[in-house]
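Reviewing the structure listed below.
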Amino acid sequence: MIATIAGKIFGTKNDKIVKAYLKRVEQINALEAKYEGMDDEALKQAFNILKEEVQKELRTLDEVLNDSFAITREASKRVTGMRHHDVQMVGGLVLHEGKIAEMKTGEGKTLVATLPIILNAMTGKGVHLVTVNDYLASRDAEEMGVIYNFLGYSVGVITNDIHDDFARKAQYAADITYGTNNEFGFDYLRDNMKYAQEEKAQREHHFVIVDEVDSILIDEARTPLIISGPTNKGLENYVKANEIALTLTQATQKDEKGEVKQDSGDFVVDEKNKSVILTENGVDKAEKGFDVDNLYSLENAVLSHHIDQALKANYIFHKDVDYVVKDGEVIIIDEFTGRLSEGRRFSEGLHQALEAKEGVVVQEESQTLADITFQNYFRMYEKLAGMTGTAQTEATEFAQIYNLDVISIPTNLPITRDDKNDLIYKSEREKFEAVIAKIKELQKTGQPVLVGTASIEKSELLHELMKKEKVPHSVLNAKQHEQEAKIIENAGVKGAVTVATNMAGRGVDIKINDEVKALGGLYIIGTERHESRRIDNQLRGRSGRQGDAGASQFYLSLEDGLLRIFGSDKIKGIMERLGIEEGEHIESKMVTRAVENAQKKVENLHYESRKHILEYDDVANEQRKVVYSYRNDLLTPEYEIDTKVKSNREDYVWQILGRCDILEALPEDEYDLERLVTIIREEVFIEVPVSEFEGLDAEKIHEKVLAILVT
């Protein structure tokens with residue numbers, strides 16, 4: 001409270017930082033008239049002089065920044081008709097300094113990125129811009145490419161449909177390369193599996209700007225990138241485990257403490273931690289189903305794993321929420337974007353368990369050949385920056401994991417959107433009835449509505465209810481992934497009703513005309529609070545861009561997943577005390593705070609999960625660096641591999657001798673020659689009699705073993 005009051009009186013730390021940036025922007029603005037007066041050729045020549053000075057190390061990037069930013073703005077005015085606002089210039093400064101620029105939806109982040117990209121590409125080392133999908137990568141590269149081309153830069157785009165390695169290499173060789181986080185990460189792993197240096201696609205990791213940085217570095221960072229290969233393990237037990245899982249009964253009875261009674265069923269579902277635990281009854285039934293005496297004996301360990309995954313597949317993971325079945329395949333749904341994660345599979349046999357559950361072909365289990373977390377991939381860059389509309393709620397994680405500061409940049413025009421309090425109903429049915437009633441009310445006036453849902457399942461349920469009520473609408477979820485940009489673009493048209501999963505269509509602006517502004521702008525209806533406050537803020541942020549009119553409100557029920565698992569008891573008690581009747585709701589700031597507290601709990605769980613993944617990967621990352629570095633040496637033609645092999649062989653022999661107490665400092669009667677011949681037989685498959693080494697000192701034995709290894 002005191003901090004809030006002090007912030008209002010003296011200004012926050014963020015305000016002071018932004019003011020300092022605005023002073024730099026004044027210096028850049030002072031150059032506008034100079035560059036406006038130049039013709040195209042003179043402007044290009046002025047830019048080339050700056051670039052040459054940087055490459056010859058006569059001036060630093062910071063020293064040419066003012067001129068570079070001013071030239072970029074002038075180039076943009078000439079080839080796109082767009083002039084960077086002052087707050088966009090601030091965003092460019094933040095990105096150049098390797099920080100996160102938090103800018104609201106509609107503030108033109110795509111244009112902002114051109115400022116630091118053009119400046120940093122002067123070094124000739126390549127600049128990468130990472131987006132959340134192929135569509136945005138291609139769109140942004142094309143739309144901003146005219147500015148880059150005007151100033152003499154080449155532009156590349158890495159998308160999923162480029163399969164030729166040398167075509168990819170050409171895209172990375174460009175001065176500026178756009179692409180998705182998955183493509184950049186997988187290319188890094190694939191490069192480190194190549195057998196020749198010239199086959200590698202990527203070059204150095206110099207400077208990267210991550211668009212929608214919270215989505216990529218936070219949301220998607222819980223799942224590492226993995227390149228897999230077959231394990232040749234049998235698949236029949238997945239189907240058997242699924243059959244057994246379906247015969248088991250969930251324990252649901254609770255004791256006086258509210259905890260589930262173990263003896264009331266065969267397994268207990270822990271929704272908070274997304275796990276399923278077999279009870280003693282369940283173990284007995286599983287043993288009978290598999291026809292084994294002990295499910296947890298060493299030889300049956302794989303069976304216990306199969307039954308655990310089968311139970312998770314049936315009781316934790318839900319069709320059209322966590323995955324879809326498309327063309328006979330189980331495809332993961334990204335829980336934060338609502339998009340299909342083509343080509344990615346759940347690990348540790350869970351994907352096979354889902355395939356068995358859905359009755360599709362169970363594909364071969366895989367083993368990891370190469371993997372890396374997004375955290376460790378993006379920390380390889382010399383300079384990392386990011387931009388998004390929502391980052392402050394995760395500022396601590398950005399600072400601790402990535403050493404990134406978050407700077408909140410004010411909007412070009414004040415936000416006028418009306419963010420209303422949440423409405424809470426007793427049941428999901430009542431909630432959806434209220435949502436449809438509100439949509440009908442808005443449709444009468446022609447005010448467009450964007451309805452956000454937490455899953456495909458809920459969007460399709462709402463779709464069916466709206467069809468019954470004859471409400472014209474469009475549905476956008478992972479199943480209509482290809483058309484998402486077009487559907488989202490039209491969400492601001494008069495009378496439009498659009499149902500979207502989470503943040504499907506993220507990165508696409510919803511523009512409204514003056515007639516819609518007069519009607520109140522785009523009305524956002526959230527049908528469920530997401531586990532992350534950022535996702536809710538992103539949904540709200542689709543309305544009220546660039547000072548437009550707009551409104552937002554969330555409709556919740558006690559049956560919603562978040563409230564059911566994390567704290568509906570308090571809200572339920574309030575509703576009962578107030579005597580809330582059928583179809584009625586409660587609306588108060590206290591209830592909204594209770595919901596936000598539940599979200600904070602889940603956010604903290606996810607943060608801990610990401611932190612643990614990173615801790616494990618940090619260990620592997622040190623090994624990864626050493627192995628990949630050595631591998632790169634081996635692929636270099638000048639590398640003297642014979643010398644290295646000889647050195648390694650000598651070290652290996654000394655290491656063997658050390659294990660057998662054959663050291664120069666020890667007397668010969670303490671040498672364990674029996675162990676030496678055993679190690680040689682077991683590790684290098686060569687039979688040597690002990691007599692070969694008798695009477696020799698440590699140096700001579702070393703020479704003898706070396707001679708044996710090279711023959």
Side-chain angles (χ1 to χ4, degrees), residues 28 31-32 35-36 38-55 61 64-85 88-89 91-96 101 108-131 134-159 162 167-180 183-184 201-211 381-383 385-387 507:
I28 298 166
L31 296 167
E32 189 162 13
Y35 290 114
E36 266 183 336
M38 294 182 179
D39 63 22
D40 287 359
E41 287 309 310
L43 189 67
K44 291 175 186 178
Q45 183 60 28
F47 181 74
N48 286 333
I49 289 168
L50 294 178
K51 189 163 70 170
E52 195 175 314
E53 287 176 336
V54 167
Q55 291 188 353
L61 290 179
V64 302
L65 183 148
N66 290 3
D67 290 280
S68 175
F69 274 35
I71 290 171
T72 300
R73 177 152 68 184
E74 185 58 34
S76 177
K77 281 156 58 179
R78 295 184 188 189
V79 297
T80 70
M82 295 186 287
R83 178 187 179 276
H84 298 77
H85 302 303
Q88 289 177 309
M89 302 300 270
L93 292 168
V94 170
L95 294 173
H96 168 65
K109 292 186 283 292
T110 307
L111 187 63
V112 168
T114 60
L115 296 159
I117 284 175
I118 284 168
L119 173 63
N120 283 268
M122 285 183 180
T123 61
K125 294 178 182 177
V127 174
H128 296 164
L129 190 134
V130 177
T131 67
D134 284 350
Y135 165 77
L136 291 175
S138 301
R139 183 202 71 178
D140 294 354
E142 184 180 346
E143 290 182 359
M144 299 299 106
V146 291
I147 306 174
Y148 305 135
N149 295 153
F150 179 85
L151 294 173
Y153 283 132
S154 56
V155 184
V157 187
I158 299 291
T159 53
I162 302 175
R168 280 183 172 259
K169 188 171 185 173
Q171 303 303 312
Y172 281 113
D175 297 305
I176 299 152
T177 305
Y178 281 71
T180 66
E183 295 303 311
F184 280 111
Q202 290 187 346
R203 47 185 178 142
E204 63 258 77
H205 294 82
H206 171 51
F207 175 47
V208 64
I209 296 174
V210 181
D211 191 11
Y381 282 87
E382 290 173 42
K383 185 162 65 175
M387 50 190 186

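Numbers for residues simply follow the sequence, beginning at 1.
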Could you pull out all residues at least two apart from [X] that satisfy side chain to side chain donor-acceptor pair (under 3.5 Å)?
X    : result
H205 : Q202, Y377
T159 : D161
R168 : E183, D187

Listed partners of [X] passing side chain to side chain contact (heavy atoms under 4.5 Å, CB included), at least two apart:
X    : value
H96  : L61, D62, L65, P116, L119, N120, K383
A167 : I162, D164
D40  : R78, F150
A173 : none

Of all residues at least two apart in sequence or in a different chain, which pass the salt bridge (Lys or Arg N to Asp or Glu O under 4.0 Å) check with [X]?
X    : result
E382 : none
R203 : none
K77  : E32, E36, E74

Could you give the side-chain donor-acceptor pairs of residues 46-53 under 3.5 Å, partners two or more places apart or in another chain?
{"unit_1": "N48", "atom_1": "ND2", "unit_2": "K44", "atom_2": "O", "d": "3.3"}
{"unit_1": "E52", "atom_1": "OE2", "unit_2": "K56", "atom_2": "NZ", "d": "3.1"}
{"unit_1": "E53", "atom_1": "OE1", "unit_2": "R59", "atom_2": "NH1", "d": "3.0"}

Practice item. For H128, check ring pair (Phe, Tyr, Trp, His ring centres under 6.0 Å) against everything at least two apart and list the hits. Key: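 Expected list: Y172, F184, Y381.
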Point to revise | Under 3.5 Å side-chain donor-acceptor pair for H84 and T72 | key: no
